[in-house]
Amino acid sequence: MKKSSYSFPKEERLCLKKQIAQLFEQGESLMSYPVRLKYLLVDAPEGSPAKCLFSVPKKLFKRAVKRNLIRRRLREAYRLHKAELYSNIPEGKQLLIAFIYLDNKVLDYTSGENAMRKAFAKLTPQIRNITAK
RNA sequence: UCAGCAGGCCGGUCUGUCGCUUAUUGUGAAAACAAUAGGAGGAAAGUCCGGACAACAAAGAGCGCCACACUUCCUAACGGGAAGAUAUCCGCGAGGGUAUUGUAGUGUAACAGAAAACAACCGUCCUGCGUGCAGGAUAAGGGUGAAAAGGUGGGGUAAGAGCCCACCGGUGCUGCAGGCGACUGUGGCAGCCGUACGCCAUGUGGGUUGCAAGACCAUGUAUAUCCCGGUUUCCUUAGGGUACAGGACUGCUCGUCCUGAUGGCAACAGCCGGGAAGGGUAGGUCGCUAAAGGCUUUGGGUGACCAAGGUCUCAGAUAAAUGACAGGCGCCAAACUUGUUUGGUACAGAAUCCGGCUUACAGGCUUGCUGCUUUU
RNA sequence: GGCCCUAUAGUUCAAGGGAUAGAACGGAAGUUUCCUAAACUUCAGAUUCAGGUUCGAGUCCUGGUGGGGCUA
């Protein structure tokens with residue numbers, strides 16, 4: 001890593017419309033309360049090991065302030081803990097992840113952090129399975 | 001002091017760690033890295049009005065549709081704002097809400113009630129006789145209703161009535177005074193006068209769509225569809241007028257223009273050019289933020305606002321940054337140990353940009369004014 | 001982001017500003033039957049919310065809330 005492992009530049013974010021459509025059509029799901037994950041492993045010789053996006057449905061929170069707050073907290077939790085995920089992703093592959101918030105209450109940072117740890121713990125064996133095939 | 005009315009303003013702050021984004025500078029071939037500076041609001045919201053800007057459309061006339069409607073002013077513009085006018089309702093009051101074009105025409109007013117506007121059910125009075133009915137006169141009195149035919153007093157009459165008179169209220173015309181004006185005050189004349197809501201009429205304004213507008217670059221499939229023109233082959237008289245249909249202006253009508261088929265009549269294939277429709281792409285750059293800009297001083301105006309001078313540059317993201325965590329301070333509430341603990345700290349997040357309106361909002365500051373009751 | 005539409009019983013729809021907001025299906029109770037179905041009788045159940053206009057709003061006007069659509 002050229003930069004500090006806690007940075008979160010644009011190339012680690014999922015922002016191409018094509019890739020998002022691919023992720024939601026072909027990706028697999030995983031629950032880790034209060035978020036739901038959607039993930040897909042694709043071939044990518046260059047670039048960052050993972051790309052992710054965070055989503056809070058408008059149906060749960062009508063006000064944009066609350067949606068922004070949750071999305072920012074989730075992003076911080078991902079940014080500070082992504083190193084433990086990156087070590088498990090093999091060379092030449094790229095992981096696309098979408099985090100979708102499910103609760104209808106605004107939860108604090110620590111519960112988001114716990115959810116993130118739990119999600120990574122669940123995700124690593126799944127990645128091994130896929131790569132083994 | 002307390003309660004209240006009208007207006008204006010603010011709406012947390014500091015430190016540390018790790019991040020995001022824009023600009024500039026430096027290093028570097030580039031990717032990138034480093035430093036410095038900036039990085040949500042009074043409503044950024046609802047998308048309700050008005051503009052700027054952009055694309056498309058546009059010979060014109062009439063009608064329709066939508067919005068607005070007292071006066072003077074402000075403004076780029078407005079359905080917004082300021083200062084007023086009149087009427088009415090609420091409040092003790094400071095004040096607040098609503099309405100306002102119309103001497104034309106026309107409609108409706110459930111139930112109840114005699115009657116909802118060319119009004120006789122009861123009543124009152126007159127006449128007739130068969131003495132309780134018929135014919136008339138009459139809006140003074142009467143239960144109903146949201147609303148009942150100007151009000152009070154006098155004259156008058158068979159009984160009554162703007163039938164007549166005086167005063168008052170209102171309407172129309174008009175003289176004088178004040179005001180830029182709506183209008184106000186006051187005098188004269190006239191006709192004697194209901195209320196509410198519509199339709200309708202009059203005047204003014206409105207082309208449509210919206211930055212996902214639009215411009216450029218990149219990526220990229222197929223000439224498989226349709227039309228027109230030219231040319232080659234084959235077939236075939238050619239050109240014009242009239243009516244019909246469709247389309248555009250346009251929501252409708254007229255009108256204008258264009259096209260089509262019919263008017264005796266076309267067909268097939270290849271190539272070239274143009275157009276339509278369809279398919280594909282979903283990346284980037286511009287638009288994009290220096291503006292009807294902010295702050296401030298002076299002057300003008302009752303005010304909205306305007307003029308002149310000075311000074312400043314103040315978000316530009318694009319699956320979308322402006323943050324997360326920890327601690328301190330401030331503010332509010334409760335508890336008691338009276339200076340500690342515990343809890344809370346609003347509404348809410350730019351998406352092309354401005355001017356308004358509306359709605360949400362913990363708490364606080366400030367200017368002017370009011371007070372029936374209450375305290376000093 | 002921009003531009004629009006809409007809201008009536010549990011569901012699908014009605015209702016010229018004027019009695020208690022109507023109909024169908026569904027629900028509940030009863031009659032009939034040995035029991036069920038069918039049939040018949042009865043009942044319950046609604047104008048998205050807050051203001052305003054009006055004597056009187058489901059309807060007219062204003063604002064909020066919810067639901068839905070279109071747009072490269």
Side-chain angles (χ1 to χ4, degrees):
Chain A
M1 295 302 289
K2 280 166 282 185
K3 295 202 284 182
S4 127
S5 63
Y6 296 118
S7 72
F8 189 52
K10 192 142 183 191
E11 61 182 31
E12 293 185 25
R13 275 179 272 172
L14 186 57
C15 46
L16 267 78
K17 207 168 180 176
K18 246 179 171 175
Q19 286 186 322
I20 296 164
Q22 190 189 4
L23 170 60
F24 278 91
E25 276 172 23
Q26 303 171 13
E28 295 182 52
S29 301
L30 191 78
M31 276 294 294
S32 169
Y33 186 81
V35 293
R36 191 158 70 93
L37 274 76
K38 200 102 176 161
Y39 62 94
L40 183 68
L41 207 61
V42 295
D43 293 321
E46 289 184 12
S48 64
K51 280 187 165 188
C52 67
L53 68 85
F54 304 90
S55 175
V56 183
K58 203 170 185 176
K59 273 199 173 178
L60 299 177
F61 301 96
K62 197 155 167 53
R63 299 291 161 215
V65 174
K66 290 180 182 172
R67 294 202 304 271
N68 280 345
L69 180 65
I70 291 163
R71 204 171 67 235
R72 282 163 179 165
R73 277 178 178 161
L74 283 177
R75 199 182 58 207
E76 284 295 306
Y78 176 81
R79 184 172 69 80
L80 297 172
H81 294 95
K82 65 180 177 178
E84 35 191 288
L85 178 69
Y86 280 18
S87 55
N88 293 315
I89 298 171
E91 287 283 320
K93 292 276 186 182
Q94 192 175 44
L95 188 67
L96 308 180
I97 325 170
F99 295 91
I100 299 156
Y101 195 77
L102 289 177
D103 208 337
N104 59 358
K105 292 192 290 291
V106 181
L107 297 175
D108 60 358
Y109 173 73
T110 45
S111 61
E113 203 173 19
N114 292 336
M116 201 57 73
R117 284 219 187 90
K118 207 165 64 183
F120 290 159
K122 280 184 181 179
L123 204 54
T124 37
Q126 295 287 330
I127 295 167
R128 290 207 188 95
N129 284 351
I130 294 166
T131 44
K133 278 176 189 172

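Chain A is the first sequence line, chain B the second, and so forth, proteins listed ahead of strands; every chain is numbered from 1.
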Sub-4.5 Å side-chain heavy-atom contact between A:Leu123 and A:Leu85: yes

Residue pair A:Met31 / A:Leu102, side-chain heavy-atom distance below 4.5 Å: yes

Kindly compute the distance separating [atom1] ([X]) from [atom2] ([Y]), expressed to the nearest 0.5 Å.
{"X": "A:Lys58", "Y": "A:Arg67", "atom1": "NZ", "atom2": "CZ", "answer": "5.5 Å"}
{"X": "A:Ile97", "Y": "A:Leu53", "atom1": "CD1", "atom2": "CG", "answer": "9.5 Å"}
{"X": "A:Leu37", "Y": "A:Ser32", "atom1": "CG", "atom2": "OG", "answer": "6.5 Å"}

Pick the [atom1] atom in [N] and in [M], then give their distance to the nearest Å.
{"N": "B:A61", "M": "B:C56", "atom1": "P", "answer": "25 Å"}
{"N": "B:A94", "M": "B:C372", "atom1": "C1'", "answer": "14 Å"}
{"N": "B:G207", "M": "B:C226", "atom1": "C1'", "answer": "33 Å"}
{"N": "B:C14", "M": "B:G330", "atom1": "C1'", "answer": "11 Å"}
{"N": "B:A76", "M": "B:C353", "atom1": "C1'", "answer": "14 Å"}
{"N": "B:G141", "M": "C:G22", "atom1": "P", "answer": "45 Å"}
{"N": "B:A315", "M": "B:A321", "atom1": "C1'", "answer": "10 Å"}
{"N": "B:U75", "M": "B:G356", "atom1": "P", "answer": "14 Å"}

Nucleotide of B:C325, B:G19, B:A321 approaching A:Phe8 most closely (side-chain heavy atoms):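 Of B:C325, B:G19, B:A321, B:G19 is nearest to the side chain of A:Phe8.
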
State the pairing partner of [N]; accept Watson-Crick or G-U wobble contacts with both distances under 3.5 Å, and report none otherwise.
{"N": "B:C325", "result": "B:G16"}
{"N": "B:U221", "result": "none"}
{"N": "B:C173", "result": "B:G188"}
{"N": "B:A267", "result": "none"}
{"N": "B:A55", "result": "B:U208"}
{"N": "B:U338", "result": "none"}
{"N": "B:G240", "result": "none"}
{"N": "B:C254", "result": "B:G60"}

Which is it for [N], anti or syn, if anything within 90° of zero counts as syn?
{"N": "B:A212", "answer": "anti"}
{"N": "B:A261", "answer": "anti"}
{"N": "B:U131", "answer": "syn"}
{"N": "B:G42", "answer": "syn"}
{"N": "B:C314", "answer": "syn"}

Among all residues two or more places apart in sequence or in another chain, which pass the side chain to side chain contact (heavy atoms under 4.5 Å, CB included) test with [X]?
{"X": "A:Ile100", "value": "A:Phe24, A:Arg36, A:Ser55, A:Pro57"}
{"X": "A:Thr124", "value": "A:Asn88"}
{"X": "A:Leu80", "value": "A:Tyr6, A:Tyr109"}
{"X": "A:Gln126", "value": "A:Tyr39"}

Side chains of A:Ser111 and A:Asn114, donor plus acceptor under 3.5 Å: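 No, because no side-chain N or O of A:Ser111 sits under 3.5 Å from a partner of the opposite role on A:Asn114.
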
Protein-nucleotides 2-4 of chain C N/O pairs under 3.5 Å:
none

Contact list for residues 48-71 of chain A, test ring-ring contact (aromatic ring centres under 6.0 Å, His included), sequence neighbours left out: A:Phe54-A:Tyr78, A:Phe54-A:Phe99

Any A:Arg72 side-chain nitrogen or oxygen under 4.0 Å from OP1 or OP2 of B:G349: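 For B:G349, OP1/OP2 do not have a side-chain N/O of A:Arg72 under 4.0 Å.
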
OP1 or OP2 of B:U21 under 4.0 Å from side-chain N/O of A:Arg13: yes

Those residues that, when tested against A:Glu76, pass salt bridge (charged side-chain N to carboxylate O under 4.0 Å, His left out) (two or more places apart): A:Arg79

Donor-acceptor contact below 3.5 Å, side chain A:Lys82 vs main chain A:Ala77: no

A:Arg13: partners by side chain to side chain donor-acceptor pair (under 3.5 Å), with sequence neighbours left out: none

Residue list, side chain to side chain donor-acceptor pair (under 3.5 Å) with A:Asn68, at least two apart or on another chain: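 For A:Asn68, the residues satisfying side chain to side chain donor-acceptor pair (under 3.5 Å) (neighbours in sequence not counted) are A:Arg71.
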
Earlier contact from the 5' end, RNA chain B, for A:Arg71 and A:Asp108: A:Arg71

Toward the 5' end of RNA chain B, by each residue's nearest nucleotide, A:Phe54 or A:Glu76: A:Phe54

Expressed in angstrom and rounded to an integer, what is the separation of [X] atom [atom1] from [N] atom [atom2]?
{"X": "A:Tyr109", "N": "B:C18", "atom1": "OH", "atom2": "C1'", "answer": "10 Å"}
{"X": "A:Glu12", "N": "B:A32", "atom1": "CD", "atom2": "P", "answer": "13 Å"}
{"X": "A:Tyr78", "N": "B:A319", "atom1": "OH", "atom2": "C1'", "answer": "15 Å"}
{"X": "A:Arg73", "N": "B:U322", "atom1": "CZ", "atom2": "P", "answer": "13 Å"}
{"X": "A:Leu80", "N": "B:C20", "atom1": "CG", "atom2": "P", "answer": "12 Å"}
{"X": "A:Glu113", "N": "B:C325", "atom1": "CD", "atom2": "C1'", "answer": "9 Å"}

List, with names and distances, any nitrogen or oxygen atoms from the protein found under 3.5 Å away from nitrogen or oxygen atoms belonging to nucleotides 11-17 of chain B.
none

Contact residues, residues 61-69 of chain A to RNA chain B [heavy atom, < 4.0 Å]: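 Within this stretch, A:Arg63, A:Ala64, A:Val65, A:Asn68, A:Leu69 sit under 4.0 Å of the strand.
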
Presence of donor-acceptor pair under 3.5 Å, side chain of A:Arg75 and base of B:C20: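 Donor-acceptor pair under 3.5 Å: no.
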
